[in-house]
Amino acid sequence: MGFFSSSAFANVPPPPVNEQVELTKIHDADPYEQKVNLTTEEYKDRNGDLWVLPVVRQTELELIMDTSLTHGKSRMWGNGEFIEAAQDMLFGTPSAELRSKVASIQTVSGTGACHIGAKLLCDSLTPNTIWMSDLSHTNHDAVWDFIGGVEKRTYPYSLPDRSGVDFNGMINALKTRARRNDVIYLHSCAHSSSGLDLTLEQWVELGKVCQEIGIFPFFDSAYQGFASGDPDADVWAIRCFMELGLEVCVAQSFSRGFGLSGERVGCLHVVLNSSAHRQAVFDRLYHYQRGLTSTPPTYGANIVSTILTSESLYRAWRIDLKSMTDRIQKLRLGLYNELIKRRVPGSWEYLLIQRGMFAHTNLSKQQVELLRTEYHIYIMSTGRISLPALNAQNIEWVAGAINEVVTRFSLEEKANL
């Protein structure tokens, strides 16, 4: 060891704590039989296992028999058939004119798309600020930390009682504080932290505000189909902004809707107002991809493109997608009914207006901590619950524990009056 008195890495600062990862580690090491992990961000079936969609399994079997497929790397911009199918899914079979205004590249899932899109916008717009909802995906923070040089600010999103979106607060924050060429992250549907989505009228108004101020919209489309069961309905906001004449970036992930989280299937789309700039933008995306991952993975993209370009497989995928969204909705209603049956203090109706994989509760950090330490139920400190992690074996246990914790806090508050 002799010549070096200290390591070059002795002063490496620790990264921010990823709460979901840390809670999962604690859960996995917990020996308690009735432990429940409600932090997961992947779809689980009624047995608590990751679900492989039947149409995905069928497609995999077909691809195994396709001798034309190899394990060679794709082109740097990805699988051309997949990219075109991804555009069709997002934009609804776009015209030749629209395709000429869209620069798309296959990415390492939605995170890769967010990263490359952020780099493009930083180099092109030099924004002062990236705006995110005060409840948002932790990866959005991480991406802009990695890019650096852009101030991160939040706008109000959920009302304190979870009864809806604080749209007035959101618009007021943007009108009074946002500046031209700032970037705003928007969840196109099934807002992944609150479960609350804007109404169609609110999307139109927000689009006009972005247009007036000159804010650049960056959509994260991670749950297309998971909000309503209809993939077209769930990208209404993106198409609305395009109809208003706005240029947009869209990070498109296929992890949830196809159950392919481990295959890292994604796409970045940059929608321009003129085809004249498409090649220059594409060249930049190509350049970033070269330095970031060289080429994107092929296996998951082959599965998705095969399903989306086959009428029979596409129909089967829509059935699988509907089965997931129907079950999530039943779990949402089931949790609500269990809480109401036990007369848990407080109003829980807000759960019924939320959409997507998550239910965002009014549970405080102290209540969440008590659920973990005394009942072995793991929930994010924000009160967010992953609905697919509930099932017939644990939903009564979870509702009962919430009842006991909330009741205890309610009694303590009354005693202190």
Between R318 and Y314, do the side chains contain an N or O donor and an N or O acceptor separated by less than 3.5 Å? yes

With a 3.5 Å cut-off and no angle check, do the side chains of Q20 and T24 form a donor-acceptor pair? yes

Going by atom types alone, do Y375 and Q34 pair a side-chain donor with an acceptor below 3.5 Å? no

Give a yes-or-no answer on whether the side chains of D230 and S228 include a donor-acceptor pair shorter than 3.5 Å. no

Are N181 and N128 close enough that a side-chain donor and a side-chain acceptor fall under 3.5 Å? no

Distance from I83 atom CD1 to Q252 atom CD, nearest 0.5 Å? 10.5 Å

Any side-chain donor-acceptor pair under 3.5 Å between E349 and S347? yes

Check against salt bridge (Lys or Arg N to Asp or Glu O under 4.0 Å), D123 and R284: CA-CA 10 Å; D123 288 351; R284 293 304 298 177; 3.7 Å; yes

Distance-only polar pair, side chains of R264 and Y299, donor-acceptor under 3.5 Å: no

Could you verify whether a donor N or O on one side chain and an acceptor N or O on the other, from S188 and Q224, lie under 3.5 Å apart? no

Will you find, in the side chains of S109 and S255, an N or O donor that is under 3.5 Å from an N or O acceptor? yes

Give a yes or no on whether the ring-centroid distance for F241 and F219 is below 6.0 angstrom. yes

Is there a side-chain contact between D232 and R239 in this structure, where contact means two heavy atoms from C-beta onward sitting under 4.5 Å apart? yes

Do any N or O atoms from the side chain of Q106 and from the backbone of T298 form a donor-acceptor pair under 3.5 angstrom? no

What about F82 and F254, are their ring centers closer than 6.0 Å? yes

Between Q279 and D283: side-chain donor-acceptor atoms closer than 3.5 Å: yes

Are W131 and Y185 an aromatic pair by the rule of ring centers under 6.0 Å? no

Sole residue of R162, Q354, H191, R384 in side-chain hydrogen bond (donor to acceptor under 3.5 Å, both in side chains) with H360: R162

Among D28, D30, T40, which residue meets the side-chain hydrogen bond (donor to acceptor under 3.5 Å, both in side chains) test with Y378? D30

Begin with the C-alpha distance, continue with both residues' side-chain angles, and end with the deciding distance and a verdict on salt bridge (Lys or Arg N to Asp or Glu O under 4.0 Å) for R153 and D182. CA-CA 10 Å; R153 301 183 77 171; D182 280 357; over 6 Å; no

